[in-house]
Amino acid sequence: MEKNTETENKPLDFIRQIIADDLATGKHRKSITRFPPEPNGYLHIGHAKSICLNFGVAEEFGGTCNLRFDDTNPSKEDISYVESIKEDVRWLGFNWGEKELYASDYFQTLYEFAVSLIKRGKAYVCELSPDEIREYRGTLTAPGKNSPYRDRSVADNLKLFTAMKNGEFTEGSHVLRAKIDMNSPNLNMRDPVIYRILYADHHRTKDAWKIYPMYDYTHCLSDMLEKITHSLCTLEFQDHRPLYDWVLDTLETPCHPRQIEFARLNLSYTVMSKRKLLRMVDNDHVDGWDDPRMLTISGLRRRGYTPGSIRNFCRTIGIGKSDSRIDMAVLENEIRSDLNVNAERRMCVQDPVKLVIDNYPENQVEMVEGKNHPQDPDKGIRPLPFTREIFIERDDFMDDPPKKYFRLGPGREVRLKYGYLVQYLSHKVNPETGEVEEIRCTYDPESKGGFAPDNRKVKGTIHWVSAEKNVPVTINMYDRLFNVEDPEADKDVDFLEHLNPESKVVLKNCIAEPDVVNLSVGQNVQFERLGYFCIDSVESTTDKPVFNRTVTLKDSWTPNK
RNA sequence: UGGGGCGUCGCCAAGCGGUAAGGCACCGGGUUUUGAUCCCGGCAUUCGUAGGUUCGAAUCCUGCCGCCCCAGCCA
């Protein structure tokens with residue numbers, strides 16, 4: 001009974017329109033897309049947008065989508081990242097066929113293309129230092145000037161490039177540059193570096209290469225080699241498209257994929273860049289890449305988000321070209337609507353206060369019946385032990401409640417969900433702390449299950465757990481990581497200044513109904529009236545489960561109104 | 001002040017010359033053994049702005065304004 005909103009009709013976004021047109025006109029017989037992560041960090045919800053787009057297009061148009069690691073910078077990349085990326089893509093529900101691809105698999109071919117570029121007089125070995133190259137490049141408003149090495153002979157260039165490849169030069173001493181136009185208003189076209197010397201071990205090719213190709217040169221050719229039809233990337237690459245096209249045109253490749261750019265995802269109350277996420281991890285502001293407060297795929301998974309909810313989220317936000325920042329409430333809405341349908345209900349008291357039922361027999365344990373889902377009888381029922389002493393939520397009792405507070409208070413009657421109707425008798429306050437210590441009630445023996453025998457109206461229904469038969473649990477109450485909508489808005493204030501100090505509050509004295517011991521790690525559950533939770537995969541121990549709060553239930557109760 | 005983009009409701013977003021979809025948020029009301037869910041209803045005379053073309057413009061043209069990206073041997 002999973003709600004399938006993923007296939008509902010929705011107007012095609014501009015990219016899907018282009019692809020549909022290309023298919024309709026016969027320009028392409030099928031679409032081939034690719035998701036090209038660099039293995040230098042963990043995937044986050046922004047990547048999920050790209051994954052859902054690229055793999056989604058493949059599914060919708062009967063095409064294919066490659067998973068290709070853009071591993072051209074060994075100094076930043078690592079095998080551990082490729083493993084996590086594969087796991088995350090798979091978890092999101094996508095497959096990439098036989099095996100994943102790597103730009104590093106094309107190193108030899110890429111090298112040969114570079115030789116071809118040199119032979120065509122379109123690339124040269126430059127000996128300017130990095131600083132000099134920057135200087136020669138000019139500025140946004142001033143044109144650049146030609147490198148003194150620009151007009152070397154093809155033979156010299158070939159010899160020098162071979163020497164670079166053979167490790168005869170030091171890092172930084174030589175680069176291979178495309179010979180385009182130092183006067184171009186587009187900085188990317190001012191003889192961009194396409195190969196640099198790097199004496200770093202590559203996680204796949206080890207020490208086979210001393211030179212590594214740059215992104216702009218590698219990406220278009222990798223796309224071409226894989227016969228990608230539509231190469232989808234984010235807005236900041238718009239200025240790179242002329243270079244993408246130049247390389248393929250100059251090399252007269254048989255296939256020329258079309259690069260199309262879309263806006264990257266921004267979410268309120270969080271940051272998205274890998275650099276910033278890495279900083280939070282390194283400085284222990286969070287407990288690792290998979291901290292449940294992180295918007296990484298692994299963090300969301302640990303938090304209790306489902307793959308379907310993330311896919312739905314990506315679908316509802318759409319694809320466009322304007323810079324945008326999506327409200328966190330949209331993401332929360334997706335996980336709530338998934339879990340509302342799919343998560344079973346249980347009871348748990350997060351801030352317990354004891355309630356004694358005066359007229360209930362001592363030492364009696366009575367089993368009452370709880371529905372696992374209020375709207376879905378197929379999810380079955382479970383027995384709940386009811387006893388004379390129980391725990392209720394501290395919030396559910398008020399000494400002097402406002403009129404519209406319909407929970408327990410002097411003179412009031414409430415329903416203990418699935419249990420009995422109870423009537424307030426008295427309560428004890430700790431003289432030192434002023435906290436309510438114990439509440440006494442009487443119950444209506446005719447109201448078992450919570451049904452009023454005379455149909456009298458009982459407005460309030462609260463949750464409870466037996467004081468004798470229960471399981472103590474810890475709950476991590478997670479909240480948004482930052483306390484401002486856009487932590488990066490003010491360039492003069494470090495984004496870490498906006499960290500929400502209460503983003504993780506650990507409640508160690510929670511009491512759950514006995515059945516929670518049957519829950520498996522990662523399984524989503526709703527604790528009635530509190531929110532959605534799941535058992536944490538790393539902090540839980542066999543004798544004490546630790547729950548993560550995925551998201552609260554919507555709460556429209558406003559006190560004093 | 002160079003180049004590339006973008007501006008439709010509080011946040012996203014359809015709209016492709018014929019008279020402003022949808023989602024989230026928000027506000028009412030109903031049902032309810034979760035103040036949840038569910039259900040009904042409300043929510044842009046107006047599309048950054050000023051002109052122009054047209055019987056008719058968010059859609060076409062022109063000028064202005066605002067925001068984002070680019071000067072890595074990162075991707």
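Reminder, nothing fancy here: chain letters follow the sequence lines and each chain counts from 1.
Atom name P, nucleotides B:rC60 and B:rC47: the rounded distance is 15 Å, in whole Å.
Ring geometry for A:F495 versus A:F482: interplanar angle of 30 to 60°, hence tilted. Ring orientation note: the planes of A:W464 and A:F386 are nearly perpendicular, at an angle over 60° on the 30°/60° scale.
Pairing partner, B:rU59: none, since no Watson-Crick or wobble contact has both distances short of 3.5 Å. Using Watson-Crick or G-U wobble geometry with both donor-acceptor distances under 3.5 Å, B:rC67 finds its partner in B:rG5. Shown here, B:rU45 forms no base pair; nothing in the strands shown gives a Watson-Crick or G-U wobble contact with both key distances under 3.5 Å. Base pairing of B:rA36 is not made with any nucleotide, judged by Watson-Crick or G-U wobble geometry with both donor-acceptor distances under 3.5 Å. The partner of B:rG72 is absent, by the rule that a Watson-Crick or G-U pair needs both atom distances under 3.5 Å.
With no hydrogens or angles considered, no side-chain donor-acceptor pair links A:R190 and A:N183 at under 3.5 Å. A donor-acceptor contact under 3.5 angstrom links the side chains of A:N54 and A:S50, judged on distance only. Under the 3.5 Å distance criterion, with hydrogens and angles disregarded, no donor-acceptor pair is assigned to the side chains of A:Y136 and A:D191. For the 3.5 Å distance criterion, the side chains of A:S231 and A:R34 qualify, holding a donor opposite an acceptor.
In this model, the phosphate group of B:rA75 is approached by a side-chain N or O of A:T72 to a distance below 4.0 Å at OP1 or OP2. Under 4.0 angstrom from either OP1 or OP2 of B:rU37 there lies at least one side-chain N or O belonging to A:K554. Contact annotation: A:R529 side-chain N/O to B:rG35 OP1/OP2 distance is under 4.0 Å. Look at A:S322 and you'll find a side-chain N or O under 4.0 angstrom from OP1 or OP2 of B:rA13. For A:S556, a side-chain nitrogen or oxygen approaches OP1 or OP2 of B:rA36 to under 4.0 Å. Contact annotation: A:R137 side-chain N/O to B:rC73 OP1/OP2 distance is under 4.0 Å.
The neighbour count for A:K371 NZ, taken as heavy atoms of other residues, nucleotides or ligands under 6.0 Å away, does not exceed 12.
Both thresholds, 5.5 Å between centres and 30° between ring planes, are not jointly met by A:Y215 relative to the base of B:rA75, so the two rings are not stacked.
On a pure distance criterion of 3.5 Å, a polar donor-acceptor pair joins the side chain of A:Q375 and the base of B:rA36. Within 3.5 Å, a donor on the side chain of A:R345 pairs with an acceptor on the base of B:rU34, or the reverse. For A:Q17 against B:rC16, a side-chain-to-base donor-acceptor contact under 3.5 Å is present. Looking at A:R407, its side chain comes within 3.5 Å of the base of B:rG35 through a donor and an acceptor atom.
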Show the distances under 3.5 angstrom between N or O atoms of the protein and N or O atoms of nucleotides 40-43 of chain B.
none

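Where A:I317 and A:M214 meet RNA chain B, the nucleotide closest to each residue was compared, and A:I317 sits on the side nearer the 5' end.
Listed by chain and number, the residues in a side chain to side chain contact (heavy atoms under 4.5 Å, CB included) with A:S80 are A:D78 (sequence neighbours excluded). In this structure A:N188 satisfies the side chain to side chain donor-acceptor pair (under 3.5 Å) test with no other residue, sequence neighbours excluded.
Interatomic distance, CZ of A:R325 versus OG1 of A:T270, reported as 8.5 Å (0.5 Å rounding).
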Item to check | Pair A:I180-A:W246, side-chain contact (heavy atoms from CB on, under 4.5 Å): steps then yes or no | outcome: CA-CA 9 Å; A:I180 308 179; A:W246 181 90; 3.6 Å; yes
Checklist entry - Between A:K276 and A:E488, does a salt bridge (charged side-chain N to carboxylate O under 4.0 Å, His left out) hold up when you go through it step by step? => result CA-CA 10 Å; A:K276 293 195 170 80; A:E488 295 155 299; 3.1 Å; yes
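Residues from residues 194-201 of chain A placing a heavy atom under 4.0 Å of any atom in RNA chain B, listed by number, are A:R196. Proximity of residues 237-245 of chain A to RNA chain B (heavy atom under 4.0 angstrom from any strand atom) is restricted to A:F237, A:Q238, A:D239, A:H240.
Between the CD atom of A:E344 and the P atom of B:rA36 there is a distance of 22 Å, rounded to whole Å.
Applying the ring pair (Phe, Tyr, Trp, His ring centres under 6.0 Å) test to pairs two or more places apart or on separate chains, none has a residue in residues 314-350 of chain A.
Residue A:Y212 is classed as having no contact, given no heavy-atom separation below 4.0 Å to the nucleic acid.
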